Amino acid sequence: MSGPFRRRFAAAASAVSAALLLGALLPVSPAAAAEDLPEAPAQQAVPDTGTDRFIVKFKDGIKRTSAQRDGAYERAAAVADTTADEVRATGTGARVIETDRRLGEDEAADLVQALESRADVEYAEPDRLMQPTTAPNDPIYPDLWGLGDGYPGMRLSRAWEASTGASTVVAVIDTGITAHSDLDANILPGYDMISDRDMSRDGGGRDSNPRDEGDWCGAYDVSSWHGTHVAGTIAAVANNGKGVTGVAYGAKVVPVRALGACGGWTTDITDGIVWAAGGTVPNVPANPNPADVINMSLGGEGYCSQSEQNAINQAVALGSTVVVAAGNENQPAEYVSPANCENVITVASAGPTGELAPYSNYGDAVDVTAPGGDMNHTDGGIVSTWNTGTTVPGTEGYAWMQGTSMAAPHAAGLAALLISANPGMGPAAVEERMKSTARKAVCAGGCGAGHIDAAAALGVAAQLPAVEPAALAVTGNPLVGETVTASTGTWSPSPVTLTYQWFRDGAPIPGAVKAAYTPTVDDLYLMLTVKVTGTRDGYDPAVATSPPSYPVYPGSLSPSVPVIQGTPMIGETLVADPGAWKSGTSLSYQWFRNDSLVSGATGSTYKLTEDDYGARLLVKVTGSKPGYNSASTNSAETAVVTARALASCVPTVTGATRVGSTLTATAGTWTPGTTLTHQWHRSGTAIPGATGRTYTLAPADLGQKVTVTVTGTLTGHTPATRESAATAAIATGYLTAPVPTIAGTARVAGTLTAKTGTWTSGTSLKYQWYRSGAAISGATGSTYKPTASDAGKILKVRVTGSKAGYATTWKDSKGTAAVAKATLSTSKPKITGTARVGSRLTAKAGTWTSGTTLRYQWYRSGKAIRGATGRTYKAVSADRGDRLQVKVTGSKAGYTTAARTSDGTRKI
């Protein structure tokens with residue numbers, strides 16, 4: 001039956017993770033993920049590290065004192081701009097010298113030539129640093145930390161002295177193999193066990209070609225080239241000047257392809273196990289190279305099926321050591337198959353620090369731990385052979401991967417080394433040897449016997465003792481900004497060098513690598529742990545992690561008492577000096593007046609206003625910072641706020657100092673914005689109403705001295721009053737006296753009016769009319785009616801003005817034209833009475849100018865009647881048949897004589 005496997009990848013920087021189900025198939029896939037690595041330059045030269053030690057042999061029979069030898073060394077060393085000192089003599093009679101710095105290849109050659117050019121020197125040469133011949137020259141080898149001597153490396157440089165895996169065969173049951181020049185020489189014929197033609201992607205079922213055709217699964221998936229990577233970890237060719245080095249680079253690999261598109265059937269995997277061990281699989285040719293070791297970097301959650309266990313048992317019975325990956329679910333390996341099967345070596349994964357990789361399974365089912373990579377660390381993955389194709393095979397390359405899939409082939413390689421060095425060693429003995437020589441590992445949940453140690457397993461080096469850690473604790477109050485400390489106790493054997501890494505809720509805190517740590521806002525409400533690594537020369541390191549602290553709570557800001565700087569005077573600006581707070585604290589401010597909040601006053605400075613007069617101020621400073629409880633503190637109160645002094649000036653007075661003139665006050669320069677008021681004074685006494693910038697001198701000022709006071713007021717300032725110097729005594733004023741004019745017609749009985757013009761306000765005016773230069777008695781009004789006496793005469797008027805405090809002034813008008821006579825006002829006379837002989841007729845003169853003297857003359861048919869000059873006339877017989885008329889003549893002094901004639905009567 002098919003096993004409940006699924007494809008799985010450990011997290012990696014450029015990995016694609018997937019878990020796909022195809023029909024009823026529960027596929028098996030590699031337990032790893034890949035990150036592209038640029039192909040290493042195959043011809044890259046080993047860097048010239050130079051040397052600082054040289055061997056010098058002076059010729060036999062030539063004795064040289066120490067001083068003579070030192071002189072020879074110094075002269076020769078000068079060619080390389082260095083100095084040299086003799087270190088010791090050798091058993092052959094030569095001398096070892098050491099320069100003060102490491103010399104490059106060319107400099108070293110110059111120094112040797114300079115020494116050998118001396119007649120007393122037999123030979124000179126570099127004192128070379130010799131290394132084991134088993135150290136490979138593959139350029140990526142330095143990146144294979146899992147093979148190195150440092151913890152948790154396998155110490156293979158020593159192990160290879162005893163074994164390289166020669167004459168052993170390791171079967172890799174995986175995705176198959178791709179051609180790779182750094183691997184091909186160690187590849188034996190394998191087999192394609194995939195029975196499903198769609199899964200195989202090679203057009204048929206099982207065949208003898210184990211080529212990896214790609215295991216991508218779906219449109220967005222990529223192929224892992226997992227089998228090629230695993231095979232390279234086990235047996236990549238060494239000392240070929242290119243690429244990487246396999247753990248057992250003298251061993252051979254039989255690739256068994258059991259995983260294809262989207263995974264593989266359990267039955268294909270179990271047949272692959274039996275075939276690889278040399279067992280019989282129906283319809284499949286026998287394996288000509290039965291495997292000493294079988295590596296299975298695959299698996300899935302679930303129990304170990306009977307099919308799996310039977311196949312494993314058969315392989316072990318045939319002498320094959322079966323090595324499997326523990327799985328990448330970060331859970332107990334007992335839940336994962338085939339890691340939970342019997343008769344297998346289950347391998348967990350460690351990162352470059354020796355800690356269990358974060359993805360690795362753990363627990364009682366784990367037998368050992370091996371390098372599998374942790375790409376959270378720089379270059380922390382496992383680099384091995386790879387293929388650059390996205391889906392189908394491309395060109396060869398190298399890649400970083402991480403996973404228990406990478407850990408298992410390290411252990412499989414070690415199994416090959418053990419079997420090669422100990423022919424006939426069986427699976428149980430291999431497992432026991434790995435476990436008994438493992439380096440101690442510290443991990444929660446169980447890492448098996450520990451880190452595999454090839455040098456110890458092969459007996460070429462003793463097992464290293466491990467540092468013994470002490471109990472850890474986080475001490476101190478876990479508050480933001482407060483320092484907590486790793487309490488490490490005593491690690492043994494002393495002295496042990498301790499390094500630290502702090503974690504927040506299990507995640508490493510960048511840069512937190514000291515014994516003490518100050519929590520930040522990022523730690524708020526999280527728990528801290530510290531991981532301590534203890535190292536000592538000659539010992540495997542130990543790693544211990546403290547119990548978690550209490551959650552980190554907000555820290556306390558330690559406020560300083562603020563200080564108010566500045567003068568408490570209206571118009572001045574006060575400055576709040578907040579004092580020292582924790583770096584990064586945001587500060588806010590609030591000003592108070594007599595303990596009452598000043599609305600809007602929330603800056604670090606405050607400008608005093610009139611509202612502050614007489615009050616005391618303080619400022620509250622509140623600090624806030626992410627991760628801390630906010631804190632507030634108040635300053636001391638200021639002194640009472642006083643008013644500001646006004647800038648002022650003594651005013652000056654300009655203008656003529658005589659009654660009627662206007663004086664002007666010039667205030668001078670005062671504080672900008674000052675409101676100025678004025679008050680004029682007469683001999684020290686304020687003049688009522690005289691509060692303007694100008695003042696017109698009044699009669700009351702005559703003989704007095706005048707001053708002006710200017711008072712300035714400005715909000716927030718103390719009012720100021722300044723007084724001018726006194727003027728001279730005020731003199732008599734000059735009236736404004738325009739020349740008068742005469743309005744009206746110069747005619748007897750007419751009215752003439754004196755037009756005075758505008759005199760100084762308040763001036764009293766008097767008038768005098770003149771006739772031909774002589775004053776007219778009684779003509780002292782502003783108007784004048786010419787009389788008959790004025791007829792033919794020229795008139796003028798004199799206006800005299802007087803006002804207290806002013807000199808009396810008069811002005812004459814121009815003369816009029818000669819006064820004309822008046823025209824009498826007349827009426828047409830009427831005749832009353834009966835027009836008959838003997839009747840008396842009466843002349844009705846009508847209305848004439850008052851005072852007019854009237855004279856009468858009657859007419860008979862137009863001829864004057866002699867003697868008829870009265871107002872009445874008695875008709876006589878001589879008048880019969882004629883019509884009568886009367887003429888009225890008026891005369892008055894100063895008037896032109898006028899006459900009016902009546903209409904005629906009816907005929908008498």
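Note that the coordinates shown come from a computational prediction; the quantities given were computed from them, not determined experimentally.
Under the 6.0 Å distance and 45° angle rule, K821 does not count as a cation-pi partner of Y895.
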Derivation and outcome, side-chain contact (heavy atoms from CB on, under 4.5 Å), residues R722 and T709: CA-CA 6 Å; R722 303 299 295 274; T709 56; over 6 Å; no
With side-chain hydrogen bond (donor to acceptor under 3.5 Å, both in side chains) as the criterion, how do T573 and K607 come out once you've worked through the C-alpha distance, each side chain's angles and the decisive distance to 0.1 Å? CA-CA 4 Å; T573 296; K607 187 171 184 178; 5.7 Å; no
Are T758 and T736 close enough, and set up right, to give a side-chain contact (heavy atoms from CB on, under 4.5 Å), and what steps lead you there? CA-CA 7 Å; T758 302; T736 299; 6.0 Å; no
Going through the distances and angles, do T488 and Y500 end up as a side-chain contact (heavy atoms from CB on, under 4.5 Å)? CA-CA 10 Å; T488 58; Y500 304 83; 3.7 Å; yes
S487 vs T475, side-chain contact (heavy atoms from CB on, under 4.5 Å): CA-CA, chis, key distance, verdict: CA-CA 6 Å; S487 176; T475 60; 3.6 Å; yes
What do the steps show when you test Y770 against D812 for side-chain hydrogen bond (donor to acceptor under 3.5 Å, both in side chains), and what is the final call? CA-CA 10 Å; Y770 289 83; D812 287 346; over 6 Å; no
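Minimum interatomic distance between K803 and P699 (heavy atoms only, all atoms of both residues): CE-CG, 4.4 Å. Minimum interatomic distance between P578 and V621 (heavy atoms only, all atoms of both residues): CB-CG1, 4.2 Å. Taking each heavy atom of Y525 and P554 in turn, the nearest pair found is OH-CG, 3.6 Å. Nearest heavy-atom pair, A516 versus T483, reported as atom, atom and distance to 0.1 Å: CB-CG2, 3.6 Å. Of all the heavy atoms in V480 and T520, the pair that sits closest is CG2-O, 3.5 Å. Across all their heavy atoms, T490 and A470 have their closest contact at O-CB, 3.3 Å.
Side-chain atoms of W670 never come within 3.5 Å of backbone atoms of T675 as a donor-acceptor pair (strictly under, hydrogens ignored). In terms of modelled atom types and a separation under 3.5 Å, the side chain of D505 and the main chain of M527 share a donor-acceptor contact. With R658 contributing its side chain and T732 its backbone, the two residues share a donor-acceptor pair below 3.5 Å. Between the side chain of T816 and the backbone N or O of L795, at least one donor-acceptor pair lies under 3.5 Å. Distance alone, capped at 3.5 Å, is enough to place a donor-acceptor pair between the T727 side chain and the V706 backbone. With S683 contributing its side chain and Q704 its backbone, the two residues share no donor-acceptor pair below 3.5 Å. At distances below 3.5 Å, at least one donor-acceptor pair connects side-chain atoms of T609 with backbone N or O atoms of D611. Counting only distance, with no hydrogens or angles, the side chain of R693 and the backbone of A665 share a donor-acceptor pair below 3.5 Å. In this structure, the side chain of T849 engages the main chain of S825 through a donor-acceptor pair within 3.5 Å. In this structure a side-chain-to-backbone donor-acceptor pair under 3.5 Å is missing from S648 to A720.
Side-chain contact of Y553 with N477: a donor-acceptor pair under 3.5 Å is absent, judged by distance alone. There is no side-chain donor-acceptor pair under 3.5 Å between S492 and E468. No side-chain donor from either of K620 and S632 sits under 3.5 Å from a side-chain acceptor of the other. With hydrogens and angles left out, the side-chain atoms of T662 and T694 include no donor and acceptor closer than 3.5 Å. In summary, the side chains of D701 and Y695 do present a donor paired with an acceptor at a separation below 3.5 Å, with no hydrogens or angles considered.
Rounded to the nearest 0.5 angstrom, R504 CZ and D523 CG are separated by 4.0 Å. Taking CD1 of I570 as the start and CZ of R644 as the end, the distance is 10.5 Å to the nearest 0.5 Å. Rounding to the nearest 0.5 angstrom, the gap separating the CG atom in L646 from the OG1 atom in T711 is 10.5 Å. Taking OH of Y517 as the start and CG of L528 as the end, the distance is 6.5 Å to the nearest 0.5 Å. Within the model, atoms CG of L765 and OG1 of T756 stand 5.5 Å from one another, a figure rounded to the nearest 0.5 Å. In this structure, the separation between OG1 on T780 and CD on Q768 is 6.5 Å, given to the nearest 0.5 Å.
Under the 4.5 Å side-chain criterion, counting only non-hydrogen atoms from C-beta, T674 is not in contact with T713. Counting heavy atoms from C-beta outward, V532 and T499 have side chains that stay 4.5 Å or more apart. At a threshold of 4.5 Å between non-hydrogen side-chain atoms, the residues S789 and R771 count as touching. I564 places a side-chain heavy atom less than 4.5 Å from the side chain of W591. Side-chain atoms of S604 and V575, non-hydrogen and from C-beta on, never get closer than 4.5 Å to each other. Residues W502 and V530 meet the side-chain proximity criterion, which asks for heavy atoms closer than 4.5 Å. Residues Y784 and V797 have side chains not in contact (no heavy-atom distance under 4.5 Å, counting atoms from C-beta outward). Looking at P562 and T633, their side chains come closer than 4.5 Å, going by heavy atoms from C-beta outward.
Listed by first and then second residue, the side chain to side chain donor-acceptor pair (under 3.5 Å) pairs that reach into residues 574-590 come to none, sequence neighbours excluded.
No more than 12 heavy atoms of other residues, nucleotides or ligands sit less than 6.0 Å from atom OH of Y734.
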